[in-house]
Amino acid sequence: MLDINWIKANPAAFDMLQKGRKNVPFSASDLIAIDDRRRAAILSVEDAQAKRNALSKDIGIAKAQKDEARAATLMAEVASLKDAIQKGEETRRDADEALRSALLVLPNLPLSDVPVGSDEADNAPYFGPNGSAETAAKTRPPKPAFGFAPREHYELGEAMGGMDFEAAARLSGSRFVVLKHDLARLERAIGQFMLDLHVEQHGYTEINPPLLVRDDALYGTNQLPKFADDLFFTPHGDGRLALIPTAEVPLTNMVRESILSLDALPIRMTALTPCFRSEAGSAGRDTRGMLRQHQFNKVEMVSITSAEAGEDEHEKMLSDAEDVMKTLGLHYRVMKLCTGDMGFGARRTYDIEVWLPGQDTYREISSVSYCGDFQGRRMDARYRDADGKMRPVHTLNGSGVAVGRALIAVMENYQQDDGAIAIPAALQPYMRGRTRIGGRP
RNA sequence: GGAGAGAUGGCCGAGUGGUCGAAGGCGCACGCCUGGAAAGUGUGUAGGCGGGGAACCGUCUCAAGGGUUCGAAUCCCUUUCUCUCCGCCA
């Protein structure tokens with residue numbers, strides 16, 4: 001949620017920054033008009049309340065002095081204010097609600113270094129704050145070479161009997177998969193490895209959060225009110241709970257409605273959880289294989305920071321996610337998303353795209369976003385800065401990384417000509433030392 | 001699911017209709033004391049919103065929402081959450 005006072009002070013900048021975004025429902029002048037109505041309502045109701053309070057105080061004094069006649073006079077006077085106060089409070093509530101609901105559907109403002117563009121074609125390669133294409137080529141794993149035509153993950157998986165889409169369809173419909181024996185084990189190994197890496201090497205606290213959350217949490221991390229169609233809900237009592245679409249929701253909302261001291265920051269959390277996405281808008285995309293599923297596992301990183309620390313933390317989190325790719329030896333590139341491709345709550349997003357030789361293309365495997373104080377304001381999560389002032393916390397989230405897609409990437413990048421999958425060294429301890437699975441015995 | 005108890009400031013905790021945003025304590029900040037520290041001691045210390053250049057003023061907030069009343073932390077209703085006991089349960 002954006003700050004109306006900032007918008008009022010910087011209307012031109014607001015309109016300019018929102019230009020690159022899709023579906024921006026309000027201009028600065030719309031919002032200022034809504035806010036002006038709100039302020040007028042406040043002024044009028046508070047004036048009446050001040051009168052009432054002053055008179056009531058006098059009534060108390062008169063009663064204490066046993067001056068019943070004077071008390072009666074004053075009481076009659078207050079009675080005449082009652083109606084106006086009642087109506088004024090309603091007007092004020094409506095005006096507050098109008099502003100709030102307008103602000104809730106407004107996307108975050110891109111930072112100034114974010115490229116302006118309409119879709120993924122306008123994303124820009126990113127090599128780190130001091131990096132270049134040359135340094136990246138040296139530090140990132142190279143693209144693997146194959147002496148045969150590399151196959152796609154589902155061909156490999158079905159051939160080794162470890163990936164069963166037909167059984168999944170009978171159980172649950174499309175966009176589910178059943179993993180079996182060695183592939184099930186490998187999927188688990190990848191998740192454990194990544195979680196351990198972030199906990200042991202990168203300073204994150206392991207969290208095992210609820211997978212069902214309330215609407216309030218979803219407002220906090222901006223899945224609601226706009227993106228309800230992407231979520232699965234389940235009835236609960238008279239209401240409902242949502243299955244988390246990402247552990248960003250529970251991890252970030254850990255700090256909701258709280259006041260943190262500066263020295264408690266940053267708070268770095270990681271979790272390995274299933275994620276559930278209805279993906280209502282993506283019918284027909286990536287229907288083959290397990291690239292796009294209704295349910296998948298993901299290791300998520302979340303960091304809660306002060307305003308000053310947010311941007312550095314963004315680079316750290318990206319490098320933590322890149323470390324997964326490097327340790328697994330997976331070739332990848334990093335893209336800085338353009339304004340049109342960036343998610344609703346982000347001020348800047350880096351995507352890590354892994355090379356998939358079977359598909360002969362790069363595919364997103366991690367998305368690392370800096371949200372500024374956008375979610376902090378929605379969650380009412382604050383901290384005291386060095387001057388003791390209350391400020392909304394800054395939040396960041398990143399996949400570290402998607403487990404299902406990492407499985408795909410390991411399979412396609414480590415495939416052998418006989419259909420076997422070599423196990424990357426980092427995963428071997430999680431595979432009881434095995435160096436390959438599948439293929440001809 | 002049944003029965004009961006509870007929710008007050010950063011934390012603990014008092015407050016059952018009237019100048020209560022709220023005693024007291026802890027914590028924190030600043031000062032005194034000290035060679036320095038601890039102890040002791042003094043002062044200060046909620047947030048949101050609105051008005052104002054500022055000092056400051058107004059308003060709202062004692063889980064949330066509604067009601068009674070001239071006036072509610074305090075009385076009534078609803079909801080949420082927490083705890084205890086019972087039942088059920090991985």
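In what follows, chains are A, B, ... by sequence order, proteins preceding strands, each numbered from 1. All figures in this text were calculated on a predicted structure; none of them were measured in a lab.
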Between A/D380 and A/R382, is the closest basic N to carboxylate O distance under 4.0 Å? yes
Is a salt bridge present between A/R268 and A/E313, judged by a nitrogen-to-oxygen distance below 4.0 Å? yes
Distance check: side-chain N/O of [X] vs OP1/OP2 of [N], anything under 4.0 Å?
{"X": "A/N53", "N": "B/rC70", "result": "no"}
{"X": "A/R37", "N": "B/rG50", "result": "no"}
{"X": "A/R52", "N": "B/rC70", "result": "no"}
{"X": "A/Q86", "N": "B/rG67", "result": "yes"}

Between [N] ([atom2]) and [X] ([atom1]): distance, integer Å:
{"X": "A/M390", "N": "B/rC49", "atom1": "CE", "atom2": "P", "result": "11 Å"}
{"X": "A/K57", "N": "B/rU19", "atom1": "NZ", "atom2": "P", "result": "9 Å"}
{"X": "A/I85", "N": "B/rU68", "atom1": "CD1", "atom2": "P", "result": "14 Å"}
{"X": "A/R391", "N": "B/rG48", "atom1": "CZ", "atom2": "P", "result": "13 Å"}
{"X": "A/I4", "N": "B/rG50", "atom1": "CD1", "atom2": "C1'", "result": "14 Å"}
{"X": "A/R70", "N": "B/rG18", "atom1": "CZ", "atom2": "P", "result": "19 Å"}
{"X": "A/D96", "N": "B/rG65", "atom1": "CG", "atom2": "P", "result": "12 Å"}
{"X": "A/D380", "N": "B/rU61", "atom1": "CG", "atom2": "P", "result": "17 Å"}

Could you point out which residue of A/V401, A/N397, A/T270 forms a side-chain contact (heavy atoms from CB on, under 4.5 Å) with A/M301? A/T270
Please tell me which of the listed nucleotides, [options], lies nearest to the side chain of [X]?
{"X": "A/S56", "options": "B/rG18, B/rG66, B/rC49", "result": "B/rG18"}
{"X": "A/R384", "options": "B/rA46, B/rU59, B/rG50", "result": "B/rA46"}
{"X": "A/R38", "options": "B/rG10, B/rG50, B/rC70", "result": "B/rG50"}
{"X": "A/M75", "options": "B/rG48, B/rC70, B/rG50", "result": "B/rC70"}
{"X": "A/K82", "options": "B/rU59, B/rG47, B/rU69", "result": "B/rU69"}
{"X": "A/R39", "options": "B/rG48, B/rG51, B/rC70", "result": "B/rG51"}
{"X": "A/L43", "options": "B/rG66, B/rG51, B/rG48", "result": "B/rG51"}

For nucleotides [N] and [M], find the distance between their [atom1] atoms and express it as a whole number of Å.
{"N": "B/rU34", "M": "B/rC49", "atom1": "C1'", "value": "47 Å"}
{"N": "B/rG21", "M": "B/rA46", "atom1": "C1'", "value": "8 Å"}
{"N": "B/rU8", "M": "B/rA73", "atom1": "C1'", "value": "7 Å"}
{"N": "B/rC28", "M": "B/rA37", "atom1": "P", "value": "16 Å"}
{"N": "B/rG6", "M": "B/rU74", "atom1": "P", "value": "15 Å"}
{"N": "B/rA23", "M": "B/rU16", "atom1": "P", "value": "15 Å"}
{"N": "B/rA7", "M": "B/rG13", "atom1": "C1'", "value": "13 Å"}
{"N": "B/rU78", "M": "B/rC89", "atom1": "C1'", "value": "30 Å"}

Under a 3.5 Å cut-off for both distances, is [N] Watson-Crick or wobble paired, and to whom?
{"N": "B/rC49", "answer": "B/rG58"}
{"N": "B/rC81", "answer": "B/rG6"}
{"N": "B/rU19", "answer": "none"}
{"N": "B/rG44", "answer": "B/rC28"}

Report the C-alpha distance between A/S29 and A/S27 in whole Å, list the side-chain angles of each, state the deciding distance to 0.1 Å, and finish with yes or no for side-chain hydrogen bond (donor to acceptor under 3.5 Å, both in side chains). CA-CA 5 Å; A/S29 61; A/S27 69; 3.1 Å; yes
Taking for each residue the nucleotide of RNA chain B bearing the nearest heavy atom, is the 5' side occupied by A/K51 or by A/A79? A/K51
Restricting to non-hydrogen atoms, name the atom on A/D96 and the atom on A/R38 that form the minimum distance, rounded to 0.1 Å. OD1-NE, 3.0 Å
Is a side-chain donor-acceptor pair under 3.5 Å present for A/Y204 with A/D320? yes
Does the gap between the ring centers of A/F276 and A/F232 come in under 6.0 Å? no
Is a donor-acceptor contact shorter than 3.5 angstrom present between the side chain of A/E46 and the base of B/rG58? yes
